[in-house]
2 protein chains.
Amino acid sequence: MKNVEFPDPTIERLCCYRRILSALLAAGHARVYSHELAAAQRVTPAQVRRDVMLIGYSGSPVKGYDIAGLLDRIGEILDPPGGVGVVLVGVGYLGRALLAYFAGRKSPIPVVAAFDVAPETSGQLIHGCHCYHIDELSSFLSRRSILVGIVAVPAEAAQKTARELIDGGVRALLNFAPVQLDVPQNVYVENVDIAVSLEKTAFFAQSMSLEKED
Amino acid sequence: MKNVEFPDPTIERLCCYRRILSALLAAGHARVYSHELAAAQRVTPAQVRRDVMLIGYSGSPVKGYDIAGLLDRIGEILDPPGGVGVVLVGVGYLGRALLAYFAGRKSPIPVVAAFDVAPETSGQLIHGCHCYHIDELSSFLSRRSILVGIVAVPAEAAQKTARELIDGGVRALLNFAPVQLDVPQNVYVENVDIAVSLEKTAFFAQSMSLEKED
DNA sequence: AGATGTGAAATTCTTCACAGCG
DNA sequence: CGCTGTGAAGAATTTCACATCT
């Protein structure tokens with residue numbers, strides 16, 4: 001119940017810190033200062049320190065933060081104890097792009113199965129992920145513990161897909177369909193709305209070009 | 001200069017309102033109340049009224065907001081006067097998915113050209129969009145007025161791509177690569193980080209399942 | 001009665017600024 | 001010194017609550 005202890009923006013930044021810390025570690029560094037971590041993102045050093053404080057980690061004023069230790073602590077926060085199972089529904093262009101994306105990087109969160117209405121995708125192995133017909137979704141979910149569902153189906157099918165995933169026990173949805181999903185309040189929905197992102201970008205392109213400079 | 005008059009979250013909601021209003025209009029409705037528009041999103045009626053107030057529109061207490069009028073006003077805010085040109089760089093899985101996505105819907109913001117390093121994509125027409133070799137990007141940008149660039153290349157190539165787009169006059173980037181782009185301060189960057197979104201979703205899946213319910 | 005428009009309060013998030021430490 | 005940890009201030013957003021109109 002106290003997992004509301006971390007504000008949403010902090011969680012997002014933790015994901016980003018982790019990426020940077022991993023890269024630093026791989027590059028042979030052992031320690032970082034808050035200002036270095038801040039510079040790699042678009043955040044202030046104070047923000048970094050506050051986030052680190054929130055997750056109950058601490059560094060040393062003389063040497064900064066221990067990268068490996070901080071990574072571990074972030075992992076403790078972000079990574080579910082038993083791992084979350086993730087399934088993808090919708091193996092169209094976007095679904096395939098997502099599979100390629102997650103297969104490419106040694107993702108900490110692998111997609112364990114994909115589902116689609118198209119009969120020809122059934123049985124295929126796409127970017128290392130097994131594909132099944134959507135009719136098999138329910139029974140699959142009942143057999144495996146899956147906490148996250150990715151909705152990459154057309155808008156018209158999104159609500160129905162969400163319903164099936166939730167009925168199957170999924171607790172959170174990553175939704176790429178341009179509709180507001182109607183879900184119970186105990187289900188989290190993260191919307192990735194590409195059309196909105198593009199419109200927003202276009203708006204700011206316009207307003208940026210009106211500014212004097214900088 | 002005074003386009004900083006609209007806060008970022010409001011712009012995002014305006015995009016969503018527009019989508020819903022269009023659907024309502026298409027369904028034959030002429031007017032909406034703030035609580036109806038609010039219910040379609042996950043926002044409060046007060047939020048809707050505040051947003052509408054910010055863009056200088058007003059409805060009538062007795063009939064609510066005129067859908068067509070509100071749509072026009074939102075369009076005046078969001079849509080650049082001369083239209084923004086948009087180019088896509090990176091025609092891999094994700095790039096193709098984006099082209100399909102924007103081709104499918106009668107998008108208000110069409111992608112006018114796509115670029116990739118792979119020679120075999122050059123000259124192709126993918127989902128209605130002409131593809132060129134990346135080497136042609138600069139000269140293309142110098143010939144057309146393009147304000148927005150979509151970065152859908154691998155992480156390693158993202159910074160270089162951003163640089164070329166910006167040198168070509170682009171004022172805003174929609175970045176799908178999992179890196180923080182280093183850009184001048186007069187260039188807006190909207191990051192869509194799918195890996196972060198998934199990690200965040202996984203985190204909340206975990207914390208949701210710990211809550212009592214609702 | 002039920003909706004809008006809007007000051008003012010509340011909340012959430014970010015930044016400041018400085019004590020304290022090695 | 002320069003950096004961390006953090007209370008306190010500040011900014012940005014959201015929500016409340018109510019006057020007002022029809």
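Naming: A, B, ... by sequence-line order, numbering from 1 per chain. Note that the structure is a prediction, hence the values are computed from the model and not measured.
Remark: the backbone N or O of A:Gly85 is not paired with any side-chain donor or acceptor of A:Arg144 at under 3.5 angstrom. Under a 3.5 Å cut-off, the side chain of B:Glu36 and the backbone N or O of B:Tyr33 do form a donor-acceptor pair.
Atom C1' of nucleotide C:dT6 and atom CD1 of B:Ile55 are separated by 16 Å, given to the nearest angstrom. Taking atom NE2 of residue B:His35 and atom C1' of nucleotide C:dG2, one finds them 9 Å apart after rounding to whole Å. When rounded to the nearest whole Å, the span between CG of B:Asp66 and C1' of C:dT4 equals 15 Å. Between the C1' atom of D:dT4 and the OH atom of A:Tyr33 lies a distance of 11 Å, rounded to the nearest Å. Rounded to an integer number of Å, the gap from CG of B:Leu54 to C1' of D:dA12 is 12 Å. Remark: P of C:dG5 and CG of B:Leu37 are 13 Å apart, rounded to the nearest angstrom. Note: OH (A:Tyr65) to C1' (D:dC3) measures 9 Å, nearest angstrom. Rounded to whole Å, the distance from OH on A:Tyr57 to P on D:dT4 is 12 Å.
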- Query: For every nucleotide of nucleotides 13-22 of chain D, 5' to 3': is a protein heavy atom under 4.0 Å from its base (B), only from its sugar-phosphate (S), or from neither (-)?
  - Reply: SSB-B---B-
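A salt bridge does not link B:Arg163 with B:Asp182: every distance from a Lys NZ or Arg NE/NH1/NH2 to an Asp or Glu carboxylate oxygen is 4.0 Å or more.
If you look at B:Tyr101 and A:Phe176, their ring centroids are not closer than 6.0 Å.
Distances shorter than 4.0 Å separate some side-chain N or O of B:Ser58 from OP1 or OP2 on C:dG5. The side chain of A:Ser60 places no N or O atom within less than 4.0 Å of a non-bridging phosphate oxygen (OP1 or OP2) of D:dT4.
When each of A:Asp79, A:Asp72, A:Asp51 is checked for a salt bridge (charged side-chain N to carboxylate O under 4.0 Å, His left out) with A:Arg18, only A:Asp79 meets the rule.
Note on ring orientation: taking the six-membered ring where Trp is involved, the planes of B:His127 and A:Tyr93 are perpendicular (angle over 60°, cut-offs 30° and 60°).
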